[in-house]
Amino acid sequence: MIDATHILFGQTLSFTADPFATAPETSVQHHTNGAVVIRAGKIEAVGPRDQIAIPQGATKHEYGTQVIMAGFIDAHVHYPQTAMIASWGKRLIDWLNTYTFPEEAQFSDPDYATEIAGRYFDLALSHGTTTQASFATIHPESVDAFFSAAQARGLRSYTGKTCMDRNAPDDLRDTAQSAYEDSKTLLERWHGQDRLEYVITPRFSPTSSPEQLEALGSLWAEHPDCLMQTHLSEQHEEIAWVRDLFPKARDYLDTYETFGLLGARGLYGHAIHLEPRERDQLAEVGAGLVHCPTSNTFIGSGLFDMAGLKSTGQRVGLATDTGGGSSFSMLRTMAAAYEVGQLNGTALHPLQLLWLATCGSAQVLHASDKIGNLVPGMEADLVILDLASTPVISQRHARANDLSEALFPTIMMGDDRAVAQVWVNGQPVARSTV
Ligand code: GUN
Ligand code: ZN
């Protein structure tokens, strides 16, 4: 099956540059009448339809005026929070205690973990998300359930056991030692299997003792090819709490830095209320910042400074952060990023939004050589977008004068109905039952 050759016809969209670093219109290669050849799970050729030879035996797929582009990459999500998305009325710390921790406690049951992992992947794929970096729960079973479900679907996917040894309920606490040992066992079991990668995952400084942060810093030093993911400077109350818990730390980032948890392969979710020193350090090491706009508005966290951070060369990815985020859709997430940009005084360009959801997220995952763009050599994870998926989008799209105007109504108003088809690892995915 995997050796199959396919040729897809439609509009093609590939990035040739970072649209934050150049005029956005010059950052893409776009063929209105394009073709994509896929062989053995990889993109082999992209170009104008009349210049691409149809390989012998290739299966043809006609997508008309739909857009063929790289699948979306959600760089920060909590799959165990799938069932409690849209929980009302709390800010971060109360939201965690009231809704999140009781839900995550249920993942000690492997059957429940398997059920939610399957539900999560069905939802993600139906919204065009082909890769995700997810937090699991403290239970090793939650990692096994997630990776098994990702592997069965042929996905490139990332997760790790969420480590917490304080300020969490009894049944959601590990220890410094068990966090290290369980993470190491899971890493050895899953990291590099098929398209799966293990991510070392301290939840955030308030729920890890210095000993636990140190133990996970050591694990990362022993496995420097792994990613590390956590949360950073999401809400003012959280930052004040970190100051109380770590009185000697210079700032929030320092609580990670001191224990070997700052690096280029680190993913720092939210990163909203950063001090100048934190910005400098993150840029200096080339760390990955992850913007979670629907979560930041839903939980009331604040406005991520996209323009300021990108202009100083920070790596930035985009993410849903469900269930703190209020949608599984990266289209909805791009719309929220646009709205947050407006509140901050910068209208993000449609191509910048699409870049963040594909190339930007791939960059923070250090996977830009494999996923996130429609170019030869990349793994064939694709989304096919219908730019006229609903009456309101269709009538607005009909007035578009150029590519960016054609894309923007779908970015702002599109949902899973705009996702005409998803491809994973060179295979079309059957429409979800969700
Ligand atoms: N900070 C620590 N844990 C979480 C979480 O689960 N969601 C969000 N949004 N922030 C966090
Ligand atoms: Zn999160």
Side-chain angles (χ1 to χ4, degrees), residues 13-28 69-70 72-76 133 227 229-234 252-253 262-297 301-321 325 330-369 371-373 403-404 407-408 411-412:
L13 183 65
S14 315
F15 283 98
T16 53
D18 177 345
F20 288 90
T22 178
E25 299 78 13
T26 64
S27 69
V28 285
M69 61 174 290
F72 300 135
I73 303 173
D74 187 345
H76 180 124
L227 296 168
Q229 61 184 349
T230 190
H231 296 86
L232 176 68
S233 292
E234 183 176 357
Y252 196 155
L253 185 66
L262 173 62
R265 288 183 175 267
L267 299 171
Y268 303 87
H270 305 280
I272 301 170
H273 310 287
L274 298 175
E275 301 291 338
R277 193 201 78 87
E278 294 177 302
R279 287 178 175 242
D280 291 349
Q281 280 302 101
L282 289 160
E284 167 119 8
V285 305
L289 310 186
V290 189
H291 181 28
C292 308
T294 72
S295 170
N296 296 344
T297 52
S301 302
L303 306 178
F304 182 84
D305 179 20
M306 181 68 76
L309 290 162
K310 279 296 290 178
S311 72
T312 53
Q314 302 269 8
R315 288 171 190 258
V316 181
L318 191 66
T320 62
D321 191 36
M330 289 298 285
L331 289 170
R332 174 73 196 102
T333 304
M334 289 175 234
Y338 178 78
E339 289 160 355
V340 168
Q342 285 286 58
L343 287 167
N344 255 345
T346 305
L348 297 176
H349 191 278
L351 294 171
Q352 292 176 328
L353 295 165
L354 284 172
W355 183 90
L356 285 168
T358 53
C359 299
S361 285
Q363 265 189 6
V364 301
L365 295 176
H366 289 254
S368 299
D369 56 333
I371 53 168
N373 207 354
L403 173 67
S404 298
L407 292 165
F408 196 52
I411 291 173
M412 290 310 299

Asks: About how many Å separate CG of Leu351 and CD1 of Ile411, when rounded to the nearest 0.5 Å?
Replies: 7.5 Å
Asks: Do Asp321 and Thr294 touch side chain to side chain, with heavy atoms closer than 4.5 Å?
Replies: no
Asks: Under the 3.5 angstrom rule, does the side chain of Ser361 hit a backbone N or O of Leu356 as a donor-acceptor pair?
Replies: yes
Asks: Which pair of non-hydrogen atoms, one from Met334 and one from Leu353, has the smallest distance, and what is that distance?
Replies: O-CD2, 3.5 Å
Asks: Looking at OG1 of Thr320 and CZ of Arg332, how far apart are the two atoms once the value is rounded to the nearest 0.5 Å?
Replies: 12.0 Å
Asks: If you compare all heavy atoms of Gly308 against all heavy atoms of Arg279, which two are closest, and at what distance to 0.1 Å?
Replies: C-NH1, 4.3 Å
Asks: Between Leu354 and Leu13, is any pair of side-chain heavy atoms under 4.5 Å apart?
Replies: yes
Asks: Which heavy-atom pair separates Ala70 from Asn373 by the least distance, and what is that distance?
Replies: CB-N, 3.4 Å
Asks: Show your reasoning for whether side-chain contact (heavy atoms from CB on, under 4.5 Å) applies to Phe20 and Gln314.
Replies: CA-CA 11 Å; Phe20 288 90; Gln314 302 269 8; over 6 Å; no
Asks: Does the side-chain contact (heavy atoms from CB on, under 4.5 Å) test come out yes or no for Met306 and Val340, once each step is laid out?
Replies: CA-CA 9 Å; Met306 181 68 76; Val340 168; over 6 Å; no
Asks: Suppose we screen for ring pair (Phe, Tyr, Trp, His ring centres under 6.0 Å). Which residues come up paired with His76, at least two apart in sequence or across chains?
Replies: His78, Phe135, His231, His270
Asks: Heavy atoms only: give me the nearest Ala75-Val364 pair and the separation to one decimal.
Replies: CB-CG2, 4.0 Å
Asks: On a heavy-atom basis, which atom in Tyr268 and which in Leu282 lie closest, and how many Å separate them?
Replies: CD1-CD2, 4.0 Å
Asks: About how many Å separate OG of Ser404 and CD of Glu25, when rounded to the nearest 0.5 Å?
Replies: 5.5 Å
Asks: Verify side-chain contact (heavy atoms from CB on, under 4.5 Å) between Thr333 and Asp74, making sure each step is shown before the conclusion.
Replies: CA-CA 10 Å; Thr333 304; Asp74 187 345; over 6 Å; no
Asks: Judged by atom type as modelled, is there a donor-acceptor pair below 3.5 Å linking the side chain of Thr22 to the main-chain atoms of Asp18?
Replies: no
Asks: Got a donor-acceptor contact below 3.5 angstrom from the Thr16 side chain to the Ser27 backbone?
Replies: yes
Asks: Which heavy atom of Glu278 sits nearest to which heavy atom of Leu253, and what is that distance?
Replies: OE2-N, 2.9 Å
Asks: Check the angle between the aromatic planes of Phe304 and His291 and answer parallel, tilted or perpendicular using the 30° and 60° thresholds.
Replies: parallel
Asks: Who passes ring pair (Phe, Tyr, Trp, His ring centres under 6.0 Å) against Tyr252, sequence neighbours left out?
Replies: Tyr256
Asks: For residues 335-344, which residue pairs pass the side chain to side chain donor-acceptor pair (under 3.5 Å) check, not counting sequence neighbours?
Replies: Tyr338-Gln342
Asks: Roughly how far, to the nearest 0.5 Å, is the CE atom of Met412 from the CG atom of Leu331?
Replies: 11.0 Å
Asks: For the backbone of Gln363 and the side chain of Arg315, can you confirm whether one donor and one acceptor N or O come within less than 3.5 Å of each other?
Replies: yes
Asks: Distance from Leu232 atom CG to Leu262 atom CG, nearest 0.5 Å?
Replies: 9.5 Å
Asks: Check the pair Cys292, Glu234 against side-chain contact (heavy atoms from CB on, under 4.5 Å), reporting the backbone distance first and the verdict last.
Replies: CA-CA 10 Å; Cys292 308; Glu234 183 176 357; over 6 Å; no
Asks: May I ask you to decide if Pro19's main-chain N or O and Gln352's side chain share a donor-acceptor pair within less than 3.5 Å?
Replies: yes
